[in-house]
Structure formats: C-alpha cells, structure tokens
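Data first, discussion second: the structure below is written as structure tokens.
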Amino acid sequence: MRDSDIILPPSADLRRGLSRRDVLRSLVAGGMMSGVAGALLTHAGVAQAQTPRKGGRIRVAAAASSTSDTLDPAKGGTIADYVRHFMFYNGLTAIDASLNSRLELAESIDTADAVTWSVKLRKDVMFHDGQALAAADVVYSLLRQKDPATASKAKLIADEFADVKAVGPNEVKIVLKAPNIDLPLLLGTSNFLIVRDGTRDFTTANGTGPYRCKEFRPGIRSVGVANKDYWKPGKPYLDEIEYFAIPDDAARVNALLSGDVDLINGVNPRSAQAVKAAAGYTLFESNTGNYTDLIMRDYLGPVKNPDFVLAMKYMMDRELIRKVSMRGYADIGNDQPVQRSSKYYFAGLPQRAMDLDKARYHLRKSGMAGRSLPIVAATPASGSVDTAQVLQLTGQKIGMHLEVKRMPPDGYWSNHWAKHPMTFGNINPRPTVDLLFTMFFKSTAPTNVSGWKNEQFDQLLDLARGETDEGRRKQMYADMQVLVHDHCGVGIPIFNHSLDGFTNKLKGYGSHPLGGLMGFSFAEQVWLES
C-alpha cells in the first residue's frame with residue numbers, strides 16, 4: 001500500500017501541518033465506508049472493458065410493484081421506485097461500488113467542521129423541461145424532505161438539516177445540527193435526488209437524469225427514453241427501457257429464458273440453476289448487505305424476556321439456514337447488521353454458533369419451555385418461510401414448540417411485519433453504518449422493529465457520527481455491534497446475496513454492495529451488443 005492510500009488519524013495529519021479542513025476532505029473523499037481511501041471527490045468515469053454501443057431497447061422485469069409506486073424520490077421505498085428514480089433523476093453525489101461518494105450534480109463539496117457544508121453545482125445541467133439546474137432546485141429538494149406533508153422516507157436524515165440556503169446562483173450552503181462526516185454519501189441516496197424547485201405534481205418525472213419519462217402507470221409499467229441532452233457525454237447508451245413487474249418467480253425466469261425480457265431481478269435461489277444452465281444467459285450474484293431478520297418484539301408477549309431472545313439466537317443453525325433458505329447464496333450472519341465488506345465490521349466479535357445446551361438453558365430460564373408460540377413468515381421476507389421451518393424443527397430438540405404461520409405476500413409489510421411477537425423482515429443495504437443503525441436500532445427510530453432501547457447505544461451513535469479520528473470511530477461502531485449482538489431482539493442468521501438474470505447480449509453489468517440491478521442504477525451503465 002502506498003502512503004497516498006493511507007488516511008492518517010486527524011492528530012497525525014495535524015502534526016504534519018494539515019488543517020482540519022484537509023483532514024475532513026480526505027475523510028469525505030474516502031467515503032467513510034471504503035476499506036481503502038480514495039482520491040478527493042472527482043467526476044470519475046467507470047472503466048469499461050468493451051466499447052459501449054449506442055442504441056437498442058430492453059425490457060426489465062422486477063420482482064414486485066404496486067399501485068403506490070411513485071415518481072417522487074422523497075417517497076421512494078421499494079426497488080421498483082429506486083430504479084425509476086435513478087433513471088429520471090440525479091443526486092448531488094452518487095455512491096460507487098466501493099461505497100465511496102463521487103460527485104454528480106455537485107462540482108465540489110467542502111467542509112471545515114462537518115457541520116457547515118459548501119456545495120458548488122455544475123453549470124452544464126438541464127432538466128428535462130429545458131430549465132437549467134440552479135441552487136434553488138437543490139434547496140427545495142432538500143428542505144421538502146423535512147416537511148411532514150411530503151411523507152419523505154428520509155425525514156429522519158433531513159431533520160438534521162438546521163439550514164439549507166442558496167448563497168449564489170450555483171452554490172448552496174448546508175448547515176447541520178451536529179457534525180456528520182457521512183453527508184456526501186447520504187446525499188447520494190435515492191431519496192435525495194434533485195427535482196425542480198416547486199415541483200408537487202409527480203404524475204411524470206422532470207429530472208436531470210439519463211432517461212426522460214415517456215410513460216408511468218403505477219403498478220403496471222414505466223418507460224424511459226434516452227435524454228439526448230444528458231450532461232454526461234456519450235450516455236446513456238440505450239434508446240429506451242421498459243420496466244415492469246412479474247411477481248411470480250417462475251414466470252419471471254421463464255420470461256427471461258424465452259426472450260420476452262432482457263433483465264430480471266430477485267431470482268429465487270430455487271430458480272438459480274435454471275438460469276445458470278441456460279445457454280446465452282447469465283446468473284449474476286452480488287454480495288450485498290441485505291439481510292432477513294427474525295424480529296422479536298421487546299414489548300409484545302413473551303419475547304420481551306431476554307432469555308427467550310437468547311434461546312432463539314442460540315438455536316439458529318446458520319449454515320443450514322444458509323443452505324435451505326438461500327441455496328448457499330448467502331453469508332453467515334452474527335446477529336448484528338454490519339456486513340463483512342464494511343470497513344467498520346468488527347471481526348473481533350465471536351461468531352455465535354448453534355448451541356442447543358445454551359438454548360435449552362435460556363428457554364427454561366425464560367419460563368417458555370413447552371409452550372406453543374407462533375412465528376410469522378411470508379415470501380416477501382426472502383427465505384423467511386424456510387428459515388421458520390428450520391427453527392421449528394430445531395426448537396423441537398429443546399422443548400420449544402413453534403407454530404409457523406405463513407402469511408400471503410400481499411399486505412405482509414403493512415399488516416404483519418413487526419406486528420406480532422415474532423415475525424421476519426428484510427432489510428436492504430444502507431450506504432453508511434450510521435444510517436443503518438439510526439434507522440433500525442436507535443431507540444427513537446420509527447423503524448426500530450424490535451422496540452429495543454439502549455441508552456449506551458444511542459450515545460455512541462451520536463458520538464460516532466461526527467468523530468474524525470478513524471480509530472475511535474471504528475471502536476464506537478464495534479461497541480455498537482456488540483450491544484446489538486448481545487441484547488437486541490433481532491436475530492440475523494445470514495446476509496442474502498442478490499441474484500439477477502440477463503441475456504448475454506446485455507453488457508456493462510456489474511456488482512454493487514447496495515443491492516441488485518447494480519445498486520438500482522443499471523440504466524445508465526448498460527448497453528446491448530450488436
């Protein structure tokens with residue numbers, strides 16, 4: 001490793017004469033999630049092994065859609081939404097495959113204290129309606145996230161904005177309530193994509209993205225056509241993308257292999273071999289931070305007993321769950337949500353193995369031995385039905401009687417997820433550890449699904465957000481992983497891999513740790529061979 005590849009702790013940098021601003025710029029440039037520091041934020045292109053070809057049309061089938069599909073980035077909460085939004089809009093930054101932030105609509109992002117941020121915008125960007133990008137558009141896009149009437153999925157983050165204002169026609173100042181070194185990464189998430197100032201009608205999309213919205217019918221299909229005035233020279237490559245859902249996995253795979261569609265996401269591991277064996281098609285596996293979790297509500301029924309929670313965690317045969325529920329397309333989890341590829345993963349946390357003696361001990365101590373308990377699962381929580389059945393069989397060995405209740409896919413998230421003592425969820429990757437912990441484990445978070453509350457965890461989370469000493473920050477995140485592992489009512493047996501399938505005529509496809517479909521932003525990257 002070269003000296004230029006190393007980010008020194010702030011104290012060492014300051015001794016060398018670098019300012020706090022220099023230190024923060026190096027931390028921001030490294031994305032705060034990458035295992036190796038990158039250069040300062042630049043408009044870096046993606047190296048292509050082949051020369052991209054212009055033209056052509058593809059049809060893409062997703063695993064799910066609904067009548068609540070939206071073209072409003074603030075409200076996006078599903079894979080279907082994310083894909084559409086990255087087709088039609090851009091963010092100030094984007095998140096690359098190393099989980100570093102890179103500049104998009106922003107020409108530069110600078111800070112001296114991780115509280116006040118200066119953002120200078122590109123001057124060559126046009127919205128689809130022909131209007132030039134201006135500071136007012138960015139101010140509106142960010143501040144509307146704070147308005148409860150917007151119903152933004154990112155409101156928890158946006159509430160940290162103390163002030164956002166234009167300080168010039170192409171310059172914006174963002175002031176946070178507290179330091180957050182991860183801001184450039186957060187601004188690259190789909191909810192913070194930039195819309196025109198004053199936009200309230202999202203029946204169509206008016207963005208700056210690589211495709212213009214030709215058609216949008218919620219729950220049916222979307223069609224994007226190439227934006228000929230796109231600010232990135234030479235992109236996009238395709239003329240048109242049609243995007244819709246085929247919820248049934250077998251039907252979706254058949255549509256691919258029959259040539260009716262060119263790309264599908266969410267291939268069920270049970271169907272993976274069919275795609276692998278078919279001539280002319282690729283099964284593409286992405287190692288992501290997605291996980292299916294067993295949620296044990298801390299204040300519902302018997303699971304509020306910490307010994308019962310430990311009994312459930314100790315009786316998880318994680319290797320068997322990996323093989324049965326995901327056919328091996330997964331990594332072993334350790335009851336905490338930080339994936340191994342993250343620079344903040346705490347490798348020193350001992351792996352919890354199945355231990356039926358400990359499980360039996362904690363079950364008896366909880367007073368729940370011999371009692372029948374429901375465990376709710378459904379196919380939208382990937383692999384949860386198989387996992388529940390594995391737990392049911394294992395539980396019989398220690399005197400635990402689990403009654404598997406399989407719910408229909410429709411309405412599972414609104415009617416059953418985290419609404420019973422034991423249910424399963426499915427959590428998509430997040431670009432920062434802070435965001436993952438803030439959304440799903442902080443005591444006050446609306447999506448803290450287990451209802452777990454831990455004052456020490458909350459304090460560490462707030463401190464780590466603005467910590468510029470990388471060693472101290474890593475230790476704080478390590479301590480938080482231990483707390484979740486030991487005490488939280490969430491069991492994470494595995495991390496699921498994302499499986500996509502596509503015709504070999506589709507080129508430029510790659511892996512992204514934030515999810516399948518190239519982190520939902522494939523549209524700008526792919527092309528069809530001649």
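FYI, the numbering just counts along the sequence from 1. Just so it is clear, the values below take in all heavy atoms, side chains as well, and ignore hydrogens, waters and symmetry mates. If you're wondering where the values come from, they're calculated on a predicted model, not measured in any experiment.
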Under 6.0 Å between ring centres, would you say that holds for F202 and F216? no
Does the side chain of D182 reach to within under 4.5 Å of the side chain of R465, using non-hydrogen atoms? no
Is P337 close to I492 at the side-chain level, that is, under 4.5 Å between some pair of heavy atoms? yes
To the nearest 0.5 Å, what is the distance between OG1 (T208) and CG (D124)? 10.5 Å
Taking atom types as modelled, is there a side-chain donor on T203 or D201 under 3.5 Å from an acceptor on the other? yes
From S141 atom OG to L187 atom CG, the distance as rounded to the nearest 0.5 Å: 11.0 Å
Does a sphere of radius 6.0 Å around NZ in K507 hold more than 12 heavy atoms from other residues, nucleotides or ligands, not counting ones at 6.0 Å or beyond? yes
For E104 and W231: C-alpha separation, side-chain torsions, deciding distance, then whether side-chain contact (heavy atoms from CB on, under 4.5 Å) applies. CA-CA 10 Å; E104 283 279 282; W231 58 274; 4.1 Å; yes
State whether the side chain of W117 and the backbone N or O of A114 hold a donor-acceptor pair below 3.5 Å, judged by distance alone. yes
Any chance NZ of K214 has more than 12 other-residue heavy atoms, nucleotides or ligands included, within less than 6.0 Å? no
S66 and S68: side-chain donor and acceptor closer than 3.5 Å? yes
Once you round to the nearest 0.5 Å, how far does CG of D434 lie from CD1 of I181? 10.5 Å
Going by distance alone, is a donor N or O of one side chain under 3.5 Å from an acceptor N or O of the other, for Q145 and T150? no
With no hydrogens and no angle check, just 3.5 Å: does a side-chain donor-acceptor pair link S271 and D249? yes
Take the angle between the ring planes of F441 and W452 and call it parallel below 30°, perpendicular above 60°, tilted in between. perpendicular
Non-neighbouring partners of Y82 that pass ring pair (Phe, Tyr, Trp, His ring centres under 6.0 Å), sequence neighbours left out: F520
Test log, rule side-chain contact (heavy atoms from CB on, under 4.5 Å), inputs L436 and I427: CA-CA 9 Å; L436 184 63; I427 305 301; 4.2 Å; yes
Partner of R102 under side chain to side chain contact (heavy atoms under 4.5 Å, CB included), picked from T93, D96, I95, is D96
Rounded to the nearest 0.5 Å, what separates atom CG in N254 from atom CD1 in I246? 9.5 Å
Using the six-membered ring wherever Trp is involved, compare the ring planes of W527 and Y237 and label them parallel, tilted or perpendicular (cut-offs 30° and 60°). perpendicular
Would you check, one step at a time, whether the test side-chain contact (heavy atoms from CB on, under 4.5 Å) holds for Q481 with F437? CA-CA 9 Å; Q481 289 169 63; F437 279 151; 4.0 Å; yes
Taking atom NZ of K276 as the centre, does the number of heavy atoms from other residues, nucleotides or ligands within less than 6.0 Å exceed 12? no
side-chain contact (heavy atoms from CB on, under 4.5 Å) partners of D163, counting only residues at least two apart: K165, V175
May I have the step-by-step check of salt bridge (charged side-chain N to carboxylate O under 4.0 Å, His left out) for D81 and R84, ending in yes or no? CA-CA 5 Å; D81 288 336; R84 272 189 301 273; 2.6 Å; yes
Hey, are the side chains of Y243 and L263 touching, using non-hydrogen atoms and a 4.5 Å cut-off? no
Straight-line distance of R221 CZ to E242 CD, nearest 0.5 Å: 4.5 Å
Report yes if some heavy atom in the side chain of T503 is under 4.5 Å from a heavy atom in the side chain of I58; otherwise report no. no
I'd like to know if the side chain of R59 reaches the main chain of D262, judged simply by a donor and an acceptor atom lying under 3.5 Å from each other, with no hydrogens or angles considered. no
Under the ring pair (Phe, Tyr, Trp, His ring centres under 6.0 Å) rule, collect the residues that match up with Y89, sequence neighbours excluded. none
Listed partners of D129 passing side-chain contact (heavy atoms from CB on, under 4.5 Å), at least two apart: F127, Q131, R196, N206
From K442 atom NZ to N448 atom CG, the distance as rounded to the nearest 0.5 Å: 11.0 Å
For side-chain contact (heavy atoms from CB on, under 4.5 Å), just list the numbers for V267 and R252, CA-CA rounded to whole Å, side-chain angles, deciding distance to a tenth of an Å, and then say yes or no. CA-CA 8 Å; V267 177; R252 195 165 61 257; 5.8 Å; no
Is any side-chain heavy atom of S118 closer than 4.5 Å to a side-chain heavy atom of E171? yes
Side-chain (Q339) to main-chain (S341) donor-acceptor, under 3.5 angstrom: no
Flag for Y230-N90: side-chain donor and acceptor within less than 3.5 Å: yes
Between D260 and S258, do the side chains contain an N or O donor and an N or O acceptor separated by less than 3.5 Å? yes
Does atom NZ (K232) have a neighbourhood of more than 12 heavy atoms from anything else shown, all under 6.0 Å? yes
Quick one: list whatever passes ring pair (Phe, Tyr, Trp, His ring centres under 6.0 Å) with H416, sequence neighbours left out. H420
We want to know whether H128 and D229 form a side-chain donor-acceptor pair, criterion being a heavy-atom distance below 3.5 angstrom. no
I'd like to check the salt bridge (charged side-chain N to carboxylate O under 4.0 Å, His left out) partners of D458; sequence neighbours left out, ordered by chain and number. none
